[in-house]
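Note that this is a predicted model, so its numbers are computed, not measured.
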Amino acid sequence: MYTLFDFITHIKIIEYLIALSFIAVFVIFLEVLKPHPFSGLIENGKDDLNFVREAGMKNFIRSAGKIMAAPFIGLAYVIALPIAFVVAISMLAIEGMAGAFGKSASFGWRPVEAYLGGKKQKKNKNKGADDGEGEKDK
């Protein structure tokens, strides 16, 4: 141990091993205090063996294969994350450029907003001209 990083890593490893050993000792201690120690563990083990016998070895091997493949599937996801990130960023950039080019090539006028905004002002002007009151109606 020549660096601070090596020292801290070494201490953390020892700390985690001590913590895990205390948890294991505590679980064993609780089992020993029961009237029939480890009976639940033995019963569950027998149930598992009976399930393997009933389901057949082929299903058991298939399930074990899926469990063994899980870390590799997780690794594939971890490898795919940066690729998905780059694709998402590039799609946002393409949409942003398309939006910028689209705004410069199209009008800023929208028929629905123009109709609703213009109609209200037109009514008020006509009403003021007919009544002779002008701005009092607003």
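In this structure, the side chains of N59 and F51 stay at 4.5 Å or more apart for every pair of heavy atoms.
A distance of 4.0 Å separates CG in L30 from CZ in F26, rounded to the nearest 0.5 Å. The CD atom of E54 sits 11.5 Å away from atom CG of L49, with the distance rounded to the nearest 0.5 Å. Note: F38 CZ to I28 CD1 = 6.0 Å, rounded to the nearest 0.5 Å. Atom-to-atom distance recorded for L17:CG and K12:NZ is 13.0 Å, nearest 0.5 angstrom. Atoms CG and OG1, on L4 and T9 in that order, are 9.0 Å from each other to the nearest 0.5 Å. Note: M68 CE to S63 OG = 12.5 Å, rounded to the nearest 0.5 Å.
Looking at residues two or more places apart in sequence or on another chain, you find a side chain to side chain donor-acceptor pair (under 3.5 Å) between D6 and T3.
The side-chain contact (heavy atoms from CB on, under 4.5 Å) test with F60 is passed by exactly one of R62, K58, M57: M57.
Using a 4.5 Å cut-off between side-chain heavy atoms of Ile, Leu, Val, Met, Phe, Trp and Tyr, with links allowed through other members, I83 and I89 fall into different hydrophobic clusters. V32 and L41 fall within a single hydrophobic cluster, where Ile, Leu, Val, Met, Phe, Trp and Tyr are joined by side-chain heavy atoms under 4.5 Å apart, directly or via other members.
Around CZ of F7, the count of heavy atoms belonging to other residues, nucleotides or ligands within 6.0 Å does not exceed 12.
Applying the side chain to side chain donor-acceptor pair (under 3.5 Å) test to pairs two or more places apart or on separate chains, those with a residue in residues 19-33 are E31-K34.
K46 has no carboxylate O lying under 4.0 Å from a charged side-chain N of E43, or vice versa, which leaves the two without a salt bridge.
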